[in-house]
Amino acid sequence: MSGDTFHHVRDYEYFEVPQFLGGEWPLPHLGPLHLTKFMVLQVVAALIVFWIGTGLARRVRGGQPVSGRWWNFWEMLAVYMRDNVVRPTIGEGHHGHDDHGHGHDEHGHDGHAHAAVEHAHPADKYLPFIWSCFFYVLICNLLGAIPWLGSATGEINVTGALAVTAFGATVFYGSKERSFGGFWKALCPTMDVPAVMKPLLIPMIWCIELLGLFIKHGVLAVRLFANIMAGHTVIAVFLGFIATFAVSNPLFYVVTPASIAAQIGVGMLELFVAFLQAYIFAFLATLFIGTAVHPH
C-alpha cells in the first residue's frame, strides 16, 4: 500500500484516520452493497447542498432579503450563476420579451427585486439543475480540503456519472423544447448546399455531431476528474518527500519545511480549483443545454 503513488486519492471501504484514533474506520456493508468512502462523502455533499438550498429558499420566500454572512455567501454564488451563466448563455430564445426586472415601479422605487419575483426569466427553468450541479460539485471538491476525507470528484466513476446526468439533462430539455425526434434531427444544421450533395453530407454531418455530443459530455467527466485528482496527488507527493528523508538524513530539516510550505501553497490553489472546476462544469452543462434548446 505504501508503494501506491495514488493511494491518497483512491476510494476505499474505510476512512483513514490518525493512528491514535485507530488508523482505519471500516464502513459497514448494507447487504450486497459495500459502502465506500466516496459513497459516504457524496451523501454528505448532497445533504449539505439540500440544507443550503432549502435554507436560502426559506429566507428569500416572500421577497425578503437574505441576512447573515453565511447565507449571503451562498446567495451570492447562486445569483452569480443565474445572472452571469444561465441567463446570458441560454438567453430568452423565442420568447422575445425582457423579463430581467429592471426599472422602477409606479411608486418610483427600484423595481428589480419586485420584478424578479413577479417575472421569471425564460432560462430560469433550467436553474434548479445547473444550481444542483454547481453546488454539488463544489461541496464534493471542498470536502477534499478537510484532512482524512477526500474529494469524490477525484474518482472517474463519480465524474462519469455526473457527465451522464448532464447528458440526460441535455437530451431531456432539448426533447422537451423541440420534441424527442426534433432534438436528434436538429443535430444536423440546415445547410444551403446543392440537392445532389445532401444525401452524402447530411448523414455525415449528423454522425459527426452525434459523436461530438458524446465527446463533449465525456470531456466533462475527464476534465473534472483530472483536475481534482492532480491536486491531491501533488499534495501526496510533497508528503512523500518528508517520509523519504525522515530516516537519518540531514536534508530532512530542509525538505520538511519546504514540503510544508509547498503543501500550503498547493492547498490554497486547490481551494481556487474547487470553485473553478465547479463553475466550469456548470457553465459547460449550461452551454450544452442552451445548444440543445436553441440549436441555431
Side-chain angles (χ1 to χ4, degrees), residues 45-46 48-50 52-57 59-60 65-66 71-102 112-113 115-117 119-142 151 153 158-159 161-174 176-178 183 212-213 215-228 271-296:
I48 293 175
V49 172
F50 179 78
I52 292 172
T54 54
L56 282 176
R59 283 163 175 79
V60 301
V66 175
W71 296 108
N72 283 150
F73 172 75
W74 298 109
E75 182 198 29
M76 176 270 295
L77 292 177
V79 171
Y80 180 87
M81 295 301 296
R82 182 195 68 186
D83 293 345
N84 294 277
V85 176
V86 176
R87 288 182 176 180
T89 301
I90 296 180
E92 297 188 9
H94 60 268
H95 295 272
H97 60 273
D98 185 6
D99 289 323
H100 289 282
H102 297 290
H112 178 81
V117 176
H119 305 286
H121 190 283
D124 287 355
K125 60 186 175 182
Y126 308 108
L127 273 173
F129 176 74
I130 301 302
W131 273 339
S132 297
C133 287
F134 174 76
F135 285 110
Y136 180 75
V137 172
L138 176 61
I139 297 301
C140 282
N141 293 347
L142 291 177
S151 295
T153 42
V158 174
T159 59
L162 290 172
V164 169
T165 302
F167 176 82
T170 300
V171 175
F172 172 77
Y173 288 124
K176 189 176 181 180
E177 187 74 19
R178 308 180 59 84
F183 166 77
L213 182 66
I215 291 175
K216 288 186 294 186
H217 287 85
V219 168
L220 277 179
V222 175
R223 178 193 297 272
L224 180 58
F225 154 73
N227 280 276
I228 300 303
L271 289 177
F272 170 73
V273 170
F275 284 86
L276 178 63
Q277 291 305 315
Y279 169 82
I280 291 176
F281 189 96
F283 173 76
L284 291 177
T286 304
L287 186 63
F288 299 155
I289 291 173
T291 303
V293 298
H294 310 306
H296 305 302

So [Y] and [X], do their side chains get closer than 4.5 Å, heavy atoms only?
{"X": "Asn141", "Y": "Leu224", "value": "yes"}
{"X": "Val86", "Y": "Trp131", "value": "no"}
{"X": "Leu142", "Y": "Leu271", "value": "yes"}
{"X": "Phe183", "Y": "Val171", "value": "yes"}
{"X": "Ile228", "Y": "Thr159", "value": "no"}
{"X": "Ile130", "Y": "Ile289", "value": "yes"}
{"X": "Arg87", "Y": "Asp124", "value": "yes"}

Output side-chain donor-acceptor pairs under 3.5 Å for residues 278-285, partner residues at least two apart or in another chain, one line each.
none

For the [atom1] atom of [X] and the [atom2] atom of [Y], what is their distance to the nearest 0.5 Å?
{"X": "Phe272", "Y": "Gln277", "atom1": "CZ", "atom2": "CD", "answer": "9.0 Å"}
{"X": "Trp71", "Y": "Leu56", "atom1": "CH2", "atom2": "CG", "answer": "5.5 Å"}
{"X": "Thr291", "Y": "Lys216", "atom1": "OG1", "atom2": "NZ", "answer": "5.5 Å"}
{"X": "Leu220", "Y": "Ile215", "atom1": "CG", "atom2": "CD1", "answer": "12.5 Å"}
{"X": "Trp74", "Y": "Ile48", "atom1": "CH2", "atom2": "CD1", "answer": "8.0 Å"}
{"X": "Ile52", "Y": "Phe135", "atom1": "CD1", "atom2": "CZ", "answer": "7.0 Å"}

Got a sec: does the CZ of Phe50 have more than 12 other heavy atoms crowding it under 6.0 Å?
-> no

Are there more than 12 heavy atoms of other residues, nucleotides or ligands under 6.0 Å from atom CZ of Arg59?
-> yes

Shortest non-hydrogen contact between [X] and [Y], atoms and distance:
{"X": "Ala45", "Y": "Tyr136", "value": "CB-CE1, 4.0 Å"}
{"X": "Tyr173", "Y": "Val293", "value": "O-CG1, 3.6 Å"}
{"X": "Ile90", "Y": "Gly290", "value": "CG1-CA, 4.0 Å"}
{"X": "Arg82", "Y": "Leu127", "value": "CG-CD1, 3.4 Å"}
{"X": "Cys140", "Y": "Thr153", "value": "CB-CG2, 3.8 Å"}

Would Leu276 and Asn227 count as a side-chain contact (heavy atoms from CB on, under 4.5 Å) if you check the C-alpha gap in whole Å, the side-chain angles of each, and the deciding distance to 0.1 Å?
-> CA-CA 10 Å; Leu276 178 63; Asn227 280 276; over 6 Å; no

Any residue meeting ring-ring contact (aromatic ring centres under 6.0 Å, His included) with Phe167, in chain and number order, not counting sequence neighbours = Phe214, His217

